[in-house]
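Report on the following structure.
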2 protein chains.
Amino acid sequence: MGLLGKLSFKDQAFRLREDAILDATTRILSGKGFDLMTMDDVANAVGISKPSLYKHFKSKDDLVGEAMVRLIDGALAFLADMPADLSAKQKLAALLEWALRVRLEGGMPFLPSTSPQVREMLMKNLKYVMRVMKLNGQIEKFITSAQKAGDLNPALPVDVILFSYYSRTCDPAVEFLQLYSKLGTDDIVTHMLHVCFEGLQA
Amino acid sequence: MGLLGKLSFKDQAFRLREDAILDATTRILSGKGFDLMTMDDVANAVGISKPSLYKHFKSKDDLVGEAMVRLIDGALAFLADMPADLSAKQKLAALLEWALRVRLEGGMPFLPSTSPQVREMLMKNLKYVMRVMKLNGQIEKFITSAQKAGDLNPALPVDVILFSYYSRTCDPAVEFLQLYSKLGTDDIVTHMLHVCFEGLQA
DNA sequence: AATAAAATCTACTGATCAGTAACTTTTTTT
DNA sequence: AAAAAAAGTTACTGATCAGTAGATTTTATT
């Protein structure tokens, strides 16, 4: 065991701490957003000093970028594990449900921020950009397949469906229903899926 | 004319400047959001010094509150001017279209922010709260009427429709389509209206 | 056990920002 | 025309924050 065992344990502790930092970051980001989140918030939430964060991440931007990368990796993993026999529309619905449940448990959306500043920051993060392009590619493929299969409206441009779909993954109605209505998680998810695909009309 | 005329002109100049401040605030809020908007930003945009803003508004919160009040007054005025013969669903569609066009011209959404900090700030502004309640009341009335008329899905809770509807007035897909697609304003509006009421399905 | 290296922390720096004090300019009043 | 008041500005204050320097503690090595 000797030397190698001790080194491996130390690496594991480092990674565990890094995960704790990313978990805390995710929670604080979803509650406060990028601009109001401070490095002291994150450090306090983990129970370490702020400069210790810099052992793991070069800067606040780096930290947030990694948290976003982890989130998108989660979505990509979810897609990779999806049963192959689902239709493209069912896959889109399953991913939307996954994203909604992540959010209802305190996670955060993976739509690129509408804030130009945050978007610009994330666009400098190659790891993030590559993952977003991969995820986009997959979702676009589902959309065009579902349009061909007659499950999604073929008269709507792919862009319109893509951006609307992303927007439904972080629909603020979710937060409002959670805060102000008596609906439980399952009902919220069910209604949100319905509104996304069927709209509001009768 | 004498004294009264001069006073009235001075008051008018004061109000013109106040409107210019609110216009600048609206533009900057829609681009940067509340947290990143600074009083210096607003002052520079108007062409006056920062302390001069405090002749009109007590604080940053007061300024932003008034900008939001003005926006909701705009929506209420739009509703008041609506032809009486439109169905409830048509009224909802017309208001959504109005809101989307305001946003496409650089204005900002009137959905209460999902940021707890901004929400809390606005909840302290009685002028704002009263107007939101009035607007909510009217929109809820349209929703229940449209459900009864069979135009909106009666199986969806009013809350779900209300919050989803509000969310569609500030759908981030609009910004993304504006930035990244070749669609013009009218097409964006048309598609967004369609997605809101009919959803994404075929 | 003593020393060196690594890790973590407290205290600090420089930049930013809301709001204010003091100064200057403009307008009004006498 | 001179004085007073009002309006507007420059310069300032205190608080906050990302990131860092130096001090302290912990761990590893001899």
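Please read all numbers here as calculations on a predicted model, not as lab measurements. Labels below follow one simple rule: chain letters A, B, ... track the order of the sequence lines, proteins then strands, and each chain is numbered from 1.
- Considering all non-hydrogen atoms of both residues, B:Ile28 and B:Met37 come closest at CG2-CG, 3.4 Å.
- Between D:dG8 and B:Arg17, a contact under 4.0 Å exists linking OP1 or OP2 to a side-chain N or O.
- Counting to the nearest Å, the C1' atom of C:dT8 and the CE atom of A:Met39 are 16 Å from each other.
- For the residue pair B:Asp41 and B:Thr38, a side-chain donor N or O sits within less than 3.5 Å of a side-chain acceptor on the partner.
- Cation-pi check for B:Lys89 over B:Phe142 is not met; the charged atom does not lie both under 6.0 angstrom from the ring centroid and within 45 degrees of its normal.
- Defining each end axis of the helix from C:dA1-D:dT30 to C:dT30-D:dA1 as the rotation carrying four pairs' C1' atoms onto the next four, with five pairs an end, the two axes are found to diverge by 20° to 10 degrees.
- Side chains of A:Ser164 and A:Ser167: a donor-acceptor N/O pair is absent below 3.5 angstrom, by distance only.
- Relative orientation of the A:Phe163 and B:Phe176 rings is parallel, given thresholds of 30° and 60° on the angle between their planes.
- Across residues 41-63 of chain B, B:Lys50, B:Pro51, B:Tyr54, B:Ser59, B:Lys60 each have a non-hydrogen atom less than 4.0 Å from an atom of DNA chain C (numbered order).
- Side-chain N/O atoms of A:Asp23 and A:Thr26 include no donor and acceptor closer than 3.5 Å.
- The distance between atom CZ of B:Phe34 and atom P of C:dA18, rounded to the nearest whole Å, is 9 Å.
- No cation-pi contact links A:Lys60 to A:Tyr54, judged by a cut-off of 6.0 Å to the six-membered ring centre and 45° from its axis.
- In this structure, the CG atom of A:Asp35 is 13 Å from the C1' atom of C:dT16, given to the nearest Å.
- Distance, B:Met37 CE to C:dG19 C1': 14 Å, rounded to whole Å.
- Atom CG of A:Leu36 is separated from atom P of C:dA18 by 12 Å (rounded to the nearest Å).
- Side-chain N/O atoms of A:Asp62 and A:His56 include no donor and acceptor closer than 3.5 Å.
- The nearest whole Å value for the distance from the CZ atom in A:Phe14 to the C1' atom in C:dT8 is 13 Å.
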